[in-house]
2 protein chains.
Amino acid sequence: MQALKERIQREGKNLGGGILKVDGFINHQVDPLLMDACGHEFALRFKNVGATKILTAEISGIAPALTTALHMGLPVVYARKHKPITMPDQVFLTLSPSHTKGRTVELIISPEYLGHSERVLIIDDFLATGATIQGLVRLAQTAGASIVGIGALIEKTFEGGRNALAYLGVPIESLVSITAMEGDEIIFLECG
Amino acid sequence: MQALKERIQREGKNLGGGILKVDGFINHQVDPLLMDACGHEFALRFKNVGATKILTAEISGIAPALTTALHMGLPVVYARKHKPITMPDQVFLTLSPSHTKGRTVELIISPEYLGHSERVLIIDDFLATGATIQGLVRLAQTAGASIVGIGALIEKTFEGGRNALAYLGVPIESLVSITAMEGDEIIFLECG
């Protein structure tokens, strides 16, 4: 998606170690109009998958998942990383290694909001190794729900997440694909 | 706001100890159309305050802040509770007691996204004791920014947050006001 790609070119920073800083418009400050355009694009790309619910992980997945949900008219569930006191004792919980935190985090969903008949579209900010998204997949599958699609704002193709998720046999859409991050450069897929 | 009030009446749960569970449409699963309507309402109520930026706290403030930002065409910054590796070493940081967590949490904002000329509108899910919002106020004031308004989806008037924030002399708007939570009842302000 051209608007997102241009914004990354203009404001994104390669911090080294595969870390892309997009704090000015996605991860700390959010540009709502850009996020809305991304949500609109996801809604177009996934209009035929028959999704009944959008699933994401707090924190940075919330903005793109919410704008996608707005355009698709679907509820969105964000997996929590800490169990709030409002959640029942019995939950779906999985562990997921966090690339940017250097440790394992919990992903928790209440069975109240993820049932076995749901058709789940996963939306997140990044598709890198795919570890977080695989955690969401495990939660959805444990609930008996089916995965119907996976969308990420930014894919780092060199981290292999797409291959790791291919076994699901569902459409995987990223709005911008980055093929390499060398020195302080960010290399985009030409057609991405 | 009638739509939000009716949703709380239908699906909200008084868990005791002043805890209102709204996990089905705000805090875990989000109803995007309801959040969009709330954002539209905030945009109307704050259209004349001259805001240049919307400020909230992760996690549950993100959805209403984002939809408000969409309707106002303003960027939104969400204060982080853990410093990500993409954030510079020098940050604005304050401590805030968390009502629902029973402990103190950090609220962190990068100086990159909150400058001294900003006119900040704070949007959050709850106004209870006002502790989280006071933390956001301290961060904004440390940055040299001015606060121009405070909006919350749900105010628990019996926890005194409005009085604690009155010294700021800015408009404080809540879309639904709850005056008491006794037994398993939720008592709404008649005009709220």
Side-chain angles (χ1 to χ4, degrees), chain A residues 13 15 17 19-36 39 53-56 58-88 91 98-102 105 108-110 112-114, chain B residues 13 15 17 19-36 39 53-56 58-88 91 98-102 105 108-110 112-114:
Chain A
K13 284 203 186 97
L15 299 184
I19 304 295
L20 177 64
K21 173 171 169 157
V22 286
D23 284 5
F25 47 105
I26 297 175
N27 291 146
H28 182 28
Q29 178 168 261
V30 180
D31 178 337
L33 300 177
L34 179 63
M35 278 308 106
D36 191 54
K53 193 159 281 188
I54 292 175
L55 183 60
T56 191
E58 68 179 32
I59 302 159
S60 298
I62 296 176
L66 181 64
T67 55
T68 304
L70 256 175
H71 284 281
M72 298 184 81
L74 296 175
V76 52
V77 170
Y78 53 92
R80 309 292 311 239
K81 290 176 183 166
H82 302 277
K83 184 175 169 298
I85 52 176
T86 50
M87 210 180 259
V91 297
S98 170
H99 182 67
T100 45
K101 286 184 184 152
V105 299
I108 307 168
I109 296 178
S110 168
E112 299 163 294
Y113 310 116
L114 197 60
Chain B
K13 285 204 185 95
L15 299 185
I19 303 295
L20 177 65
K21 172 169 168 153
V22 287
D23 284 6
F25 48 104
I26 298 175
N27 290 146
H28 182 28
Q29 178 167 261
V30 180
D31 177 337
L33 299 178
L34 179 64
M35 278 309 106
D36 192 54
K53 193 158 281 188
I54 292 174
L55 182 61
T56 190
E58 70 180 30
I59 300 157
S60 298
I62 296 176
L66 181 64
T67 55
T68 305
L70 256 174
H71 284 281
M72 298 184 80
L74 296 175
V76 53
V77 171
Y78 53 91
R80 310 291 311 241
K81 290 178 183 165
H82 302 276
K83 184 175 170 297
I85 52 177
T86 50
M87 210 179 258
V91 297
S98 169
H99 181 67
T100 45
K101 285 182 184 155
V105 299
I108 307 168
I109 297 178
S110 168
E112 298 163 292
Y113 310 116
L114 196 60

* Structure fact -> For H28(B) and I108(A), the nearest pair of non-hydrogen atoms, with its separation, is CE1-O, 3.8 Å
* Structure fact -> Output for pair (L66(B) CG, L70(A) CG), nearest 0.5 Å, gives 8.0 Å
* Heavy-atom distances under 4.5 Å only: say whether T68(A) touches chain B with side chain, backbone, both or neither. => neither
* Go through the atoms of L15(B) and report whether side chain, backbone, both or neither lie under 4.5 Å from a heavy atom of chain A. => side chain
* When only pairs under 4.5 Å are counted, which of M72(B), K53(B), K13(B) shares the most heavy-atom pairs with chain A? -> K53(B)
* **salt bridge (charged side-chain N to carboxylate O under 4.0 Å, His left out) partners of D31(A), counting only residues at least two apart** => R7(A)
* Structure fact -> If one checks every heavy atom of I109(A) against chain B at 4.5 Å, the contacting part turns out to be both
* To do: Tell me, out of L33(B), D36(B), N27(B), who's got the most heavy-atom pairs with chain A below 4.5 Å.
  => N27(B)
* Residue part contacting chain B, namely of K81(A), when any heavy atom lies under 4.5 Å -> neither
* Structure fact -> So CG of D23(A) and CD of E112(B): to nearest 0.5 Å the spacing works out to 6.5 Å
* Asked: For the candidates V77(A), V30(A), V22(A), which exhibits the highest count of non-hydrogen atom pairs separated by less than 4.5 Å from chain B?
  -> V30(A)
* To do: Starting at CD of Q29(B), measure out to CG of L55(A) and round the result to the nearest 0.5 Å.
  => 10.5 Å
* **Any side-chain heavy-atom pair of K21(B) and P88(A) under 4.5 Å** => yes
* Asked: With side chains defined as the heavy atoms from C-beta onward, is the minimum distance between Y78(B) and I62(A) less than 4.5 Å?
  -> no
* Asked: If you take all heavy atoms of P32(A) and P75(B), which pair is closest and at what distance?
  -> CD-CA, 4.0 Å
* Structure fact -> Residues pairing under salt bridge (charged side-chain N to carboxylate O under 4.0 Å, His left out) where one sits in residues 58-73 of chain B, two or more places apart or in two chains, turn out to be E58(B)-R80(B)
